[in-house]
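Computed from a predicted model, the values in this text were never measured in an experiment. What's counted below: heavy atoms across the whole structure, side chains too, no hydrogens, waters or symmetry copies. So that the names make sense, note that chain A is the first sequence line, chain B the second, and so on, each numbered from 1.
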4 protein chains.
Amino acid sequence: MAEEKDIFKQLFDQEEPFTEKQQKIVEAAIEMFADKGYASTSTSQIAKKAGVAEGTIFRHYKTKKDLLLSIVSPTMAKLIAPFVIRDINKVLDAKYERYEDFLKAMILNRQEFLKDNMTVFKILIQEIPFHPELKEQFKEHIAQKIFEKFTALVDHYKEKGQIIDLPSPAVVRFSATSIFGLLLVRYVFLPEEDWDDEKEIDLTVQMIMNGVGKE
Amino acid sequence: MAEEKDIFKQLFDQEEPFTEKQQKIVEAAIEMFADKGYASTSTSQIAKKAGVAEGTIFRHYKTKKDLLLSIVSPTMAKLIAPFVIRDINKVLDAKYERYEDFLKAMILNRQEFLKDNMTVFKILIQEIPFHPELKEQFKEHIAQKIFEKFTALVDHYKEKGQIIDLPSPAVVRFSATSIFGLLLVRYVFLPEEDWDDEKEIDLTVQMIMNGVGKE
Amino acid sequence: MAEEKDIFKQLFDQEEPFTEKQQKIVEAAIEMFADKGYASTSTSQIAKKAGVAEGTIFRHYKTKKDLLLSIVSPTMAKLIAPFVIRDINKVLDAKYERYEDFLKAMILNRQEFLKDNMTVFKILIQEIPFHPELKEQFKEHIAQKIFEKFTALVDHYKEKGQIIDLPSPAVVRFSATSIFGLLLVRYVFLPEEDWDDEKEIDLTVQMIMNGVGKE
Amino acid sequence: MAEEKDIFKQLFDQEEPFTEKQQKIVEAAIEMFADKGYASTSTSQIAKKAGVAEGTIFRHYKTKKDLLLSIVSPTMAKLIAPFVIRDINKVLDAKYERYEDFLKAMILNRQEFLKDNMTVFKILIQEIPFHPELKEQFKEHIAQKIFEKFTALVDHYKEKGQIIDLPSPAVVRFSATSIFGLLLVRYVFLPEEDWDDEKEIDLTVQMIMNGVGKE
DNA sequence: TATGAATGAGAATTCATTCAT
DNA sequence: AATGAATGAATTCTCATTCAT
């Protein structure tokens with residue numbers, strides 16, 4: 001289990017040194033952006049919550065939008081980190097013989113990541129529609145890459161005779177939206193409910209496999 | 001096909017008469033709210049786009065938020081219309097013997113509705129997180145009701161031996177997020193792509209059935 | 001004397017209707033821009049002096065710079081009005097047989113104009129160096145045009161044998177800076193001194209004529 | 001030519017030693033003040049252009065205005081240096097028998113000075129209107145002194161029968177504004193043009209002499 | 001019903017200056 | 001001497017809302 005972390009571990013960890021105040025600003029901003037949305041959060045409110053002068057925010061971030069991007073962009077990158085490693089197929093081949101093992105490992109891993117980044121993820125989801133740059137960034141760098149890799153993966157397991165003969169894109173969309181749906185509901189829509197995460201994941205994987213798996 | 005409309009037909013149709021200007025205002029607001037978000041759209045921009053004076057907006061809507069609610073609330077109501085009719089089970093019993101027939105009919109119907117209300121639906125999805133009243137309204141009146149009815153439906157088809165023995169809530173969540181995922185991707189995330197709607201729906205239903213269907 | 005006004009009368013008089021508040025804003029802005037300079041005058045100070053809300057300024061002028069330009073540009077146009085009338089030579093021919101008569105009439109006329117527009121003229125002079133658009137506007141539309149017309153005029157009086165055989169541009173520059181110098185000192189640098197305007201003008205014309213006149 | 005330098009040589013040469021950073025700051029400030037004006041140049045921009053930290057500026061100059069004055073005041077003093085030497089009349093008597101010789105020598109000398117200090121001179125001219133202290137300083141110490149000495153000079157040459165019988169102040173103003181006009185146009189307004197300096201000066205002197213000279 | 005000028009609270013951002021290191 | 005993070009007052013500009021016409 002520990003070794004799985006190796007595969008999916010976060011690839012981008014080079015954070016610049018933050019001053020104490022800057023840290024406070026980012027924390028305050030994350031909390032407020034998630035709560036009320038970027039557009040409805042004023043820099044003066046952020047400053048007050050962070051316990052700094054308003055000017056201090058603009059010493060570290062040229063604009064309010066810069067602050068948003070500095071929060072959201074790294075998370076976007078980390079979100080797809082597991083999919084950008086080279087030769088993912090070979091690695092998976094060695095590690096996960098069955099599609100469902102891979103699915104479960106991946107869900108667990110991304111869930112772990114989301115648990116730690118739930119708030120920023122919420123901001124990401126909420127703000128993407130309103131910021132063309134974010135949308136673009138997301139589409140080109142994230143959605144595209146995940147889709148490609150995932151399709152390759154499905155092809156891979158298809159060849160091994162584990163997946164039924166449906167168009168790979170459909171399988172991918174189905175698998176992805178199933179997982180995305182679970183995580184969205186679990187962490188964004190109804191985070192306050194009691195969840196038996198292990199069981200939910202098992203069920204989801206099981207149902208996906210029933211849907212696309214071959215005997 | 002005409003009869004299906006009977007079941008899912010829209011229940012709330014009592015619109016007050018709009019003046020021409022008011023119509024223009026609402027149209028402009030819908031377009032801009034969907035595009036840039038409620039908080040980032042100014043009443044002056046709406047007025048300009050609608051070709052009316054700024055004051056005119058406030059003749060018809062006491063506040064900017066009133067304008068938002070007047071747009072979004074009716075759509076929320078209509079969205080669940082199919083699920084609030086009494087004795088839905090009996091009706092379904094008579095009409096759709098199989099779970100998958102029901103699923104397909106429902107998806108087709110809601111898709112039709114979304115096609116006509118895509119923009120407002122987008123606004124609804126985008127603004128819910130930022131407006132506690134909307135969130136509350138949505139949770140209590142919409143999600144709750146759909147979940148209840150849907151669970152009853154699943155129990156209904158379970159009794160008929162068409163659904164495997166998983167906890168009904170899990171089946172509901174799985175079915176719902178699969179459908180919701182499809183519609184979300186289709187109409188909110190990637191509306192510009194070319195879609196073979198009929199086929200996508202069939203595939204989705206098929207996979208859901210593979211996931212939860214018996215035999 | 002009244003007829004001279006005909007020749008040099010202001011050509012651009014189409015002012016849009018100002019609201020009372022707008023008038024107040026412009027008056028306050030003119031006074032303060034002249035006194036402290038554009039950059040050192042804040043819109044809140046202008047608003048206070050004009051007795052309006054700060055927002056009102058931006059209802060009438062999109063930006064602070066717009067306010068400046070709306071004040072300065074028309075004056076720039078009016079300043080050269082006398083030189084843009086067609087067939088100025090013919091008119092002059094009929095009216096002023098001698099170069100010095102023309103000079104005196106023109107100085108008197110422009111002096112009249114400056115007396116009425118001293119403050120805006122001061123702003124113009126002071127702000128031109130700091131605003132590339134103004135500089136450009138001034139160079140291309142004003143300086144250029146005056147220089148051309150003036151050169152033609154000098155040629156005209158040269159042909160009549162009234163001006164000595166120096167390069168026309170030099171004569172123009174000398175005449176112009178002599179006049180400009182007088183007006184600058186009189187109205188911008190030392191407006192508070194007691195001046196015998198008639199006499200100063202006569203002296204200046206006399207010295208210019210001594211400098212460039214024949215015989 | 002070397003001896004002329006004696007007469008007009010700069011009187012104030014005691015500059016304090018500048019650190020390298022300080023030098024950079026002053027250079028940056030001069031360039032930016034001349035370009036955008038004092039009020040529109042921020043200390044942070046100066047710091048960036050000078051390649052120093054913002055705080056460093058305030059190590060050397062208590063305030064931003066101090067920085068301006070430290071740049072502008074010495075130039076103001078040097079500008080009138082030639083006129084503050086005692087017994088200028090006697091010196092001139094010995095050196096320049098004719099008014100026009102004196103004029104030409106002086107213009108050449110001041111032109112040399114301006115050529116080396118054009119940028120600071122531009123700042124001086126541009127900022128005087130906005131800073132009462134500067135204005136005061138200029139009027140009392142500069143304009144006043146030049147005017148007095150110049151008047152004495154004109155009287156001096158009048159007695160020698162070289163200048164016609166006009167009121168000396170008028171002659172002074174005329175001569176001064178002619179020269180000032182030339183230098184202003186040459187170095188502030190149109191510095192980029194090609195100038196035949198020698199010739200322009202000769203022409204100006206000639207025209208002044210025609211204007212005020214006897215025979 | 002419709003207008004649009006006017007408002008004042010508040011938004012993002014800039015700025016000269018201070019101070020601990 | 002030099003730094004650069006921090007400040008808070010001030011600046012330009014926006015915005016939802018009001019109201020006399």
(request) Look at B:Thr56 and E:dT3 and indicate whether a side-chain polar atom (N or O) is within less than 4.0 Å of OP1 or OP2. (result) yes
(request) Name the residue closer to the 5' end of DNA chain F, choosing between B:Gln45 and D:Val52 according to the nucleotide with the nearest heavy atom. (result) D:Val52
(request) Identify the two heavy atoms, one from A:Met76 and one from A:Leu124, that lie closest to each other, and give their separation to 0.1 Å. (result) SD-CD1, 3.5 Å
(message) Just to be sure I understand the rule, does A:Thr41 reach a base, reach only the sugar-phosphate, or reach nothing, if contact means heavy atoms closer than 4.0 Å?
(response) sugar-phosphate
(request) Quick one: list whatever passes salt bridge (charged side-chain N to carboxylate O under 4.0 Å, His left out) with B:Lys135, sequence neighbours left out. (result) none
(request) Please name all residues satisfying side chain to side chain contact (heavy atoms under 4.5 Å, CB included) with B:Glu54, sequence neighbours left out, ordered by chain then number. (result) B:Thr43, B:Ser44, B:Ala47, C:Arg59
Show me, pair by pair, the donor-acceptor contacts under 3.5 angstrom made by side chains of residues 65-73 of chain A, not counting sequence neighbours?
from    : atom 1 : to       : atom 2 : distance (Å)
A:Lys65 : NZ     : A:His131 : ND1    : 3.1
A:Lys65 : NZ     : A:Glu133 : OE2    : 3.4
A:Ser70 : OG     : A:Leu67  : O      : 3.0
A:Ser73 : OG     : A:Leu69  : O      : 3.3
A:Ser73 : OG     : A:Gln137 : NE2    : 3.2

(request) Write out all pairs satisfying ring pair (Phe, Tyr, Trp, His ring centres under 6.0 Å) with one or both partners inside residues 57-77 of chain C, taking only residues at least two apart or from two chains. (result) none
(message) Angle between the end axes of the helix from E:dA2-F:dT21 to E:dT21-F:dA2, five pairs per end, to the nearest 10 degrees?
(response) 10°
(message) By the 4.0 Å heavy-atom rule, please label A:Ser42 as base, sugar-phosphate, or nothing.
(response) sugar-phosphate
(message) Restricting to side-chain hydrogen bond (donor to acceptor under 3.5 Å, both in side chains), what partner residues turn up for C:Lys36, sequence neighbours left out?
(response) C:Gln45
(message) Which is more 5' along DNA chain E, the nucleotide nearest C:Lys21 or the one nearest A:Ala39? Just name the residue.
(response) C:Lys21
(message) Quick check for you: among F:dT3, E:dA2, F:dA2, whose closest atom lies nearest to any side-chain atom of B:His60?
(response) E:dA2
(request) Would you jot down, in residue-number order, the residues of residues 24-38 of chain B having a non-hydrogen atom under 4.0 Å from DNA chain E? (result) none
(request) Could you list the residues that satisfy salt bridge (charged side-chain N to carboxylate O under 4.0 Å, His left out) with A:Lys139, not counting sequence neighbours? (result) B:Glu192
(request) Could you say whether A:Gly51 or C:Ser40 is positioned toward the 5' end of DNA chain F, judged by the nucleotide with the nearest heavy atom to each? (result) A:Gly51
Within the sub-3.5 Å range, which N or O atoms of nucleotides 17-21 of chain E have a protein N or O partner, and how far apart are they?
from   : atom 1 : to      : atom 2 : distance (Å)
E:dT17 : OP2    : D:Lys64 : N      : 2.8

N/O donor-acceptor pairs under 3.5 Å from side chains in residues 24-32 of chain B, not counting sequence neighbours:
from    : atom 1 : to      : atom 2 : distance (Å)
B:Glu27 : OE2    : B:Gln23 : NE2    : 3.2
B:Glu31 : OE2    : B:Lys49 : NZ     : 3.2

